[in-house]
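Chain identifiers are assigned alphabetically (A, B, ...) following the order of the sequence lines, protein sequences preceding nucleic acid strands; residue numbering begins at 1 within each chain.
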There are 2 protein chains.
Amino acid sequence: MATKKRTRQQKPENKRLDIRDVARHAKVSIATVSRTINRVPSVDKDLAKRVWKSIAELNYFPNTQARALVSGRSRILGLLISEITNPFFPELIQGFESIAVENNYEILIGSTNYDVPSMESCIRRLLERNVEGVAVMTFGIEGPLLNELASRNIPMVFVDEAPPSPRVSTLLVDYRQGIREGVQHLAALGHRKIAFITGPLQQRSCQLRRDAFLHSLEEIGLKLPKEWLPAGDHTLEGGMRAMEEILRLKELPTAVMCSNDMTAIGVLRVLARAGLRVPEDISVIGFDDIHLAEFVNPPLTTVRMSRADLARAAFEALRIHVEGTEKTAKQIWPIPTRLTVRQSTGFPPGTMPKLASRTKA
Amino acid sequence: MATKKRTRQQKPENKRLDIRDVARHAKVSIATVSRTINRVPSVDKDLAKRVWKSIAELNYFPNTQARALVSGRSRILGLLISEITNPFFPELIQGFESIAVENNYEILIGSTNYDVPSMESCIRRLLERNVEGVAVMTFGIEGPLLNELASRNIPMVFVDEAPPSPRVSTLLVDYRQGIREGVQHLAALGHRKIAFITGPLQQRSCQLRRDAFLHSLEEIGLKLPKEWLPAGDHTLEGGMRAMEEILRLKELPTAVMCSNDMTAIGVLRVLARAGLRVPEDISVIGFDDIHLAEFVNPPLTTVRMSRADLARAAFEALRIHVEGTEKTAKQIWPIPTRLTVRQSTGFPPGTMPKLASRTKA
DNA sequence: AAGTGCCAGTAAACCAATTTAGTGAGATAC
DNA sequence: GTATCTCACTAAATTGGTTTACTGGCACTT
């Protein structure tokens with residue numbers, strides 16, 4: 001008998017602090033504590049003060065699980081990325097996390113590792129944890145599980161991809177601006193032979209970068225042999241392979257633009273091995289402006305896309321649907337890009353014969 | 001009347017799938033569904049089959065929050081790191097996450113950003129989400145909130161630091177082995193003047209690396225002027241500053257070892273700027289063997305500490321306390337380190353006069 | 001044929017919060 | 001002086017699972 005009623009009588013010492021402990025301590029009801037915590041305005045000022053004092057004294061904080069269960073809000077957002085070891089993503093995560101945490105959300109990171117099964121398992125994990133929204137920062141809308149996210153009406157945000165349902169937003173990046181600046185920068189230096197190493201073209205973002213490049217080239221009346229448009233895969237190794245491919249060609253470009261910085265760093269590496277100097281023999285431009293770009297040799301001229309902006313836009317796009325009244329609309333943001341000139345770009349070889357001559361060491 | 005009982009009668013269409021939906025569908029009791037899901041062995045085989053079939057057909061999965069609430073187990077582990085943009089950590093996260101996910105845990109990442117207030121706020125977040133264990137991969141045991149973790153008896157694991165309570169394990173890294181290999185590698189090449197750039201010495205790990213270096217130097221009878229032991233902070237910029245400091249000295253070392261790879265990459269950068277060639281003019285060794293080490297110019301000779309091993313050890317150390325019967329013991333693992341020789345180390349200048357001569361371009 | 005296990009099923013307690021319906025006290029209206 | 005209206009408070013239902021105590025049916029003992 002006594003043991004049966006134990007739960008309400010005496011605390012099994014190691015128990016977590018309860019909302020009813022606070023209520024008891026502040027000598028008010030449980031509901032009043034709840035209302036105080038949730039800042040319902042009707043609570044009497046003096047009572048609220050007493051409650052806050054008790055909360056502070058007991059060092060209490062509410063149980064997130066219980067809260068999530070009853071309110072139906074997990075306060076968790078999912079963040080789907082390609083691969084955490086690609087330096088672009090940690091910078092993105094940092095931005096997304098800080099703004100999420102500021103707003104009392106926790107984030108769950110899923111790395112799709114560029115393959116569909118891992119992506120499916122990521123999405124399942126997110127579903128099981130009842131995420132309130134998902135920022136998809138990796139490619140691939142395919143897959144039945146993603147449909148499940150949509151069918152559960154979970155808000156999502158994609159980059160550059162078209163939303164397949166309501167409560168799904170798209171973030172548009174203005175690749176044109178930055179890439180045009182890059183091409184014009186090269187052209188102004190005197191370059192006429194410019195190659196471009198693409199990313200994995202399944203990704204819409206990579207198509208858009210390539211198209212922006214081709215468009216900018218056309219604008220200034222330059223043509224591009226199709227051998228000068230090799231495909232990388234946004235990894236360092238892929239950049240190395242693509243550049244090796246270019247080096248095997250009869251006619252070399254005097255400048256190479258890359259779909260991202262990791263590719264460009266791979267390019268730098270291959271050029272250094274081949275004994276070609278950057279920028280004296282060949283100029284290189286990256287894309288993203290990852291932290292590392294400033295520290296490679298030579299420091300990389302690159303198109304900057306602010307990860308902080310991207311993260312913030314992604315969060316706000318989600319918030320509109322998660323918290324707001326906006327239940328059906330889909331929103332679009334334009335993320336700007338700008339060229340950052342460092343030391344991997346210079347005059348093409350031959351134009352300043354006294355200072356730079358093509359020498360293979 | 002009718003509306004009052006609605007909840008149990010008809011579903012408000014958009015409601016989440018319930019365990020009782022499954023029970024109804026499989027024509028068994030709720031308890032049986034629960035037992036089946038949790039693989040209680042006493043469940044009748046045919047019944048279990050029916051339940052699994054229903055689960056699959058309805059595409060049901062249990063509500064994690066409700067489960068966590070009643071079972072008292074959140075299946076969330078905390079991972080405290082210094083800074084996600086330091087490439088060491090993404091690699092660590094990758095390892096820790098993959099093993100955690102394999103075991104049905106989710107991880108919550110907290111970046112302490114090298115300052116105590118952020119660390120406190122991270123710990124508070126972890127507490128609020130009811131983490132079952134925390135892997136502390138950054139320095140600083142101080143702070144009342146960390147005591148709170150300990151006082152709540154939440155299992156933790158530290159690297160190189162002494163546990164302040166039971167249910168707290170320590171991971172020991174065998175710095176000696178790898179660093180000795182590095183020093184002996186340099187000595188074998190002919191180096192006698194070796195500098196060492198430390199990390200932030202508040203961290204026990206950094207002290208240990210430094211001590212391992214000093215010990216190895218002593219072993220082979222070399223002395224070190226104290227100007228050759230400048231402090232970095234494990235960032236690239238810190239490495240640059242420390243190397244600039246060394247370059248201002250009257251007598252230069254012929255080799256520099258670094259407390260981590262980011263420091264070494266900063267060193268390479270400063271040396272390149274100063275017109276010193278690596279390894280012809282000066283040899284450089286890093287520590288960690290981050291992915292990037294292979295791709296800098298020249299590829300970095302470095303001491304490898306497997307992030308995967310570290311992550312696995314951390315997870316297992318936590319698991320013992322979280323799941324196991326081991327309620328009070330503290331465990332210790334030895335994580336091995338080995339030298340990886342690449343191209344940033346070579347003979348000291350002057351020893352092979354025909355091939356390498358000290359030239360400042 | 002009665003007694004004893006052994007399982008599966010039922011119903012209810014429980015976890016820690018939110019939220020709704022209902023209550024009671026004080027203020028205002030008539 | 002009583003009726004009515006606020007408004008803040010309390011009590012209880014609810015969320016979706018797990019778990020326990022209890023019940024009932026079937027098989028095996030003796």
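If you take CD1 of A:Ile37 and C1' of C:dT18, they are 11 Å apart, rounded to a whole angstrom. Remark: P of D:dT14 and CG of B:Asp18 are 13 Å apart, rounded to the nearest angstrom. The distance between atom CD1 of B:Ile30 and atom C1' of C:dT10, rounded to the nearest whole Å, is 10 Å. Rounded to whole Å, atom P of D:dG16 lies 18 Å from atom CG of B:Asn38. The distance between atom NZ of B:Lys45 and atom P of C:dC6, rounded to the nearest whole Å, is 21 Å. For the pair B:Asn130 CG and C:dC15 P, the interatomic distance rounds to 15 Å; values are reported in whole Å. Going from atom CZ of A:Arg20 over to atom C1' of C:dT18 covers 13 Å, rounded to whole Å. If you take CG of A:Asp44 and P of D:dA8, they are 8 Å apart, rounded to a whole angstrom.
With hydrogens and angles left out, the side-chain atoms of A:Ser29 and A:Thr32 include a donor and acceptor closer than 3.5 Å. Defined by atom type and a distance below 3.5 Å, a donor-acceptor pair is missing between the side-chain atoms of A:Tyr114 and A:Gln203. Using modelled atom types, one finds no donor on one side chain facing an acceptor on the other under 3.5 Å when comparing B:Asn130 with B:Arg152.
Contact between the side-chain N/O atoms of B:Ser34 and the OP1/OP2 oxygens of D:dG17 is not found at any separation under 4.0 Å. For the OP1/OP2 pair of C:dA17 and a distance below 4.0 Å, the side-chain nitrogens and oxygens of A:Tyr60 include at least one atom meeting the criterion.
The closest side-chain heavy-atom distance from B:Val322 to B:Arg73 is below 4.5 Å. Put simply, the side chain of A:Leu77 reaches to within 4.5 Å of the side chain of A:Phe315, judged on heavy atoms.
Distance check: A:Ile107 CD1 to A:Ile76 CD1 gives 11.0 Å after rounding to the nearest 0.5 Å.
Within 4.0 Å of B:Leu47, counting heavy atoms only, lie sugar-phosphate atoms of the nucleic acid but no base atom.
For A:Ser54 against A:Ala26, the heavy-atom pair with the smallest separation is OG-CB, 3.2 Å.
Where A:Arg35 and A:Ile19 meet DNA chain C, the nucleotide closest to each residue was compared, and A:Ile19 sits on the side nearer the 5' end.
For the segment residues 61-77 of chain A, the set of residues with a heavy atom within less than 4.0 Å of an atom of DNA chain D comprises A:Leu69, A:Val70, in numerical order.
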